[in-house]
Undergrad: 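Take this structure first; my questions come after.
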Amino acid sequence: DVNATYPGATFVSLDEFTCAAGWVSATAQVETSGTTVPTEFFLRAEGQFWIPISIEDICGTALAESDVPEEIYIEACGVQE
């Protein structure tokens, strides 16, 4: 539900997505205040449900210590030196 992550926004289209070990990174277009903007969603599977996860929650832990798959982590946080 786009409204849970971006209150007042309307989903327009899905551009692309990456799945890895129960995690998803999705790039989409949403409309807010009459303007369509690109955005990225991060979701984690819990049973049959997909739970939105913030970039802050993903990037708040170093990659080496994180349970987030590396591919999803790098999409959210970039490459760490």
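No experiment lies behind these values; they were computed from the predicted model shown.
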Undergrad: Once salt bridge (Lys or Arg N to Asp or Glu O under 4.0 Å) is applied, what residue pairs with a partner in residues 48-65 remain, sequence neighbours excluded?
TA: none
Undergrad: Under the rule for side chain to side chain donor-acceptor pair (under 3.5 Å), what residues qualify as partners of Thr18, not counting sequence neighbours?
TA: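 Here the qualifying residues are Glu75.
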Undergrad: Could you check whether atom CD of Gln29 has more than 12 heavy atoms from other residues, nucleotides or ligands sitting under 6.0 Å from it?
TA: yes
Undergrad: Gly22 and Trp50: which non-hydrogen atoms are nearest, and at how many Å?
TA: O-CZ3, 3.6 Å
Undergrad: May I ask you to test the Leu43-Trp23 pair for a side-chain heavy-atom distance under 4.5 Å?
TA: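 Of all side-chain heavy-atom pairs linking Trp23 with Leu43, none is under 4.5 Å.
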Undergrad: Would a 4.5 Å heavy-atom cut-off, applied to side chains only, mark Ile72 and Phe42 as touching?
TA: yes
Undergrad: Nearest 0.5 Å, what's the CZ-CG distance between Phe41 and Leu14?
TA: 9.5 Å
Undergrad: At their closest point, which heavy atom of Ala21 faces which heavy atom of Pro69, and how far apart are they?
TA: CB-CG, 3.8 Å
Undergrad: Show me the pairs that pass salt bridge (Lys or Arg N to Asp or Glu O under 4.0 Å) and involve residues 22-46, at least two apart or across chains.
TA: Arg44-Glu46
Undergrad: Please lay out, stage by stage, how Val37 and Thr32 fare under the test side chain to side chain contact (heavy atoms under 4.5 Å, CB included).
TA: CA-CA 8 Å; Val37 295; Thr32 181; 4.2 Å; yes
Undergrad: Could you check whether any side-chain heavy atom of Cys77 comes within less than 4.5 Å of a side-chain heavy atom of Ile58, counting everything from C-beta outward?
TA: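 Yes, side chains in contact.
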